[in-house]
Every structure is written in structure tokens, then in C-alpha cells.
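Just so we're on the same page: letters track the sequence lines, and every chain starts at 1.
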Amino acid sequence: MSFSDKILAWYHENKRDLPWRETLDPYKIWLSEIILQQTRVAQGMPYYFRFVDAFPTVRDLANAEEEQVLKLWQGLGYYSRARNLHAAAKMVVQDYNGVFPTSYEELLKLKGIGDYTASAISSICFNEPQAVVDGNVYRVLSRYFGVDIPINSSEGIKYFKQLAQEMLPPINIGDYNQGIMEFGAIQCTPKNPNCEMCPIADGCLALAKGTIKNLPVKVGKTKVKKRYFNYLVPISITEAGDKITQLRQRKGKGIWQNLWEFPLLETENEAELDQIEKSYGEILNLKGKPQMSLYNKEFIVHKLSHQHLHTKFWIVEEVIELQEGIAVSDLKKYPVPVLIAEFMKTFKF
DNA sequence: AAGGCGGGGCG
DNA sequence: CGCCCAGCCTT
């Protein structure tokens, strides 16, 4: 049996029942692929259901407000995926009359679709012979063929795409692509792979040489930057008796684009009360000096891949001057980072 | 070619 | 605590 035959056979026996495996609708396959980028199946699953439910067709998604798309995406991270998803839906409606393009080349033109996703959709839905190369495939191939070229070098990216391409079966491309990924996720795992009961242990070069634990090779260090966030949480009561606060939308570059947060003062180091007092009038556009208190004595440390956000929430109460605000009861409508969502959940307005 | 972009789970 | 997850985009 060939490599691909073994993978296909293993997949046939071991594939999980996943909701996006019950359809060949390219829209739904696309949704699942975007959601699963850098995301575990268990984490992405509920998001897949809520998106299919809210937007049954690509037209429904295209017609939605970005705000709603981001709100549904809240908590999943890498929010450019949600913005690109929305933009791509609009492209499909406008440029392709609402019908998903069927070829790798055309799919590649859509926002948020790169080599992996174009290969996945074109192979799964249209049986185009394009090999998917995701983290699982890098791992399986690097071990089986004993390749120590760094998977995140340009040489490695090119090398593994070609190698994966050469391993494609003549038919059942989509199943094979899903099979090798599933194999990497379940059998040939990053740590403690199940080599004892592996259907391709025979030809596995890394297993023979004892280099499993060294593969795949990845270069580059992840240096974590420390940042200090001070959120100013203004609270005011309107004449009608409604409690209001303020949110602002993050714009430009950086994290959490287009998500909402409380007015923010970022500092070079830990900020104390006196430093905040100097700035909050300007940030909140206030003339007076309302009472302010620190909500959390210890930093709330919110960890992103490359940043640790050391956060303090400063409560600014009874801001009579507060002009424009949003009702506290409306806060849940806004897409916010998990850091903000957690605060809203625990803070009693 | 390198850096930025989330949040969560696991050993 | 470090690594990894059905990657992509920008510079």
C-alpha cells in the first residue's frame, strides 16, 4: 500500500464525526476552515454552529454588519479572520454573484484565503489536486521523511508544499487531505505520538532514527512584550436615571482592531494613582475631577501570544459631565476582547 | 524574510 | 511555563 492509501485507510477507520464533514457546501467548508485556522476543533466548534445558524448562506453573511460578525467571533481571537471573512463574503456576492469560486486560483483571490485554505476548499469541495499543508501535515511529513528543514523558513514552506503535492493520491483528494490532517491531530501528535500503533511506522524515518521528538524543526523565538494598560471606566447616571459608561473602538494597527474597549491610557511602566489623575481628564474629556478608585489591586495579566498585558481598571464615578455614553445594559451588544468581557462579567456596575 | 495577530489546552 | 493549534497579511 502506498503512503496515501494507508492514510486513507486510517482515516476511514478513525475519522471524527464533525459537523462540517456532513456537507460539501463550499460556503460551510470555507467557514469551518477559517474558524479552524490556528484553532483547535473543540474551541472552534461552537463558533461554527453559531455562524451557520446566524448566516445560513454567504449572502446572509455579506449583508450583515461587521459589528455583528465581530460579536459572533468574540472570544475566538485573531479577529482579522472575522473582518476578512466578512469582506470575502461581500466579494463572493459582488464578484461571483453569490456563488463560491471553484478553483484554487480563484479562491486564493478572496480575502483571508491563503494557500492552505484554497487547497482545502478546492480539494474537499471540487476534488482539485491541491495538497493542504497545515501544522499537522508539516509534522507528519517531516517525521515520516525525516526532514529537518525549518517549516517556517521560505525554503521549508516551498519544500513541504511540493512534498505534500507528490504524495497526493490519484483520487479522493479531499478525503486524503483531511485524513493526513486528522492523522496528525490524533495519531502523530506533537507530544507523545502513538508510534506503537502507527500504520505508517514501517517507513517512518524519524522513528527509525529516534528523532521524532526533534521534528518538525521550527526557527525563531517568541519574545513576549510587556505592556501596561490602564482602563478608565467612567460611570454616570443620566437625568432619566440610566447608568451609562463609555466604550471606544480600537482603530489602526495592532491588537483587537475594530473591537471595543473602555477609554485606555497605556503607560511605559506600572502607573499609580497620581499619574492617572494627571491624564484622565483629557482622555475622558472632562473639566472637573470626579472621584476615582482602583478596581483591581493586583494586575490583571492578560496573555496574548506575543504580549502580556498588565492591566488596571480605574473606576471614575459620578461623571456628571459625561456627554455621550452608552447604557450599561447595552454593553453586551458590543464586540469586546476577552479581557474586557471578563471585567464586565465580574464588575457590578 | 520576518513580525504581528488571540485565546485556550496540554505536558 | 513553553509549545502548539485545519494560517494569513503586512512590511
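Between the side chain of A:R81 and the base of C:dC8 there is no donor-acceptor pair of N/O atoms closer than 3.5 Å. A:T117 contributes no side-chain N or O that forms a donor-acceptor pair with the base of C:dG7 under 3.5 Å.
No side-chain donor from either of A:R81 and A:Q38 sits under 3.5 Å from a side-chain acceptor of the other. In summary, the side chains of A:K71 and A:Q74 do present a donor paired with an acceptor at a separation below 3.5 Å, with no hydrogens or angles considered. No hydrogens or angles considered: nothing links the side chains of A:Q37 and A:E33 as a donor-acceptor pair under 3.5 Å.
The nucleotide whose nearest atom lies closest to any side-chain atom of A:K191 is, among C:dC4, C:dA6, B:dG11, B:dG11. Checking B:dG7, B:dC5, C:dC8 against the side-chain heavy atoms of A:I255 singles out B:dC5 as nearest. Comparing C:dA6, B:dG7, B:dC5 by their nearest atom to the side chain of A:Y116 picks out C:dA6.
Contacts of A:S80 with the nucleic acid, taken as non-hydrogen atoms under 4.0 Å apart, are absent. Residue contacts for A:I34: at a heavy-atom cut-off of 4.0 Å it reaches no nucleic acid atom on any strand shown. Residue A:Q307 is in sugar-phosphate contact alone, with no base atom involved, counting any heavy-atom pair closer than 4.0 Å across all strands shown. Looking at heavy-atom distances under 4.0 Å, A:G220 makes no contact with the nucleic acid at all. The residue A:R83 sits apart from the nucleic acid: no heavy atom pair falls under 4.0 Å. Contact annotation for A:S32: no contact, since no heavy-atom pair falls under 4.0 Å across all strands.
Of the side-chain N and O atoms in A:Q38, none sit less than 4.0 angstrom from OP1 or OP2 of C:dC5. At least one side-chain nitrogen or oxygen of A:K253 sits closer than 4.0 Å to the OP1 or OP2 atom of C:dT11.
Separation of the P atoms belonging to B:dG11 and C:dA6 is 15 Å when rounded to the nearest angstrom. For the C1' atoms, the distance linking B:dG8 with C:dC9 amounts to 23 Å, nearest Å.
Checked for salt-bridge contact, A:E67 and A:K333 miss the test: no charged N lies under 4.0 Å from a carboxylate O.
Ring centers of A:W30 and A:F100: under 6.0 Å apart, within the cut-off.
Base pairing annotation: B:dG6 forms no Watson-Crick or G-U wobble pair, as no partner gives both donor-acceptor distances under 3.5 Å.
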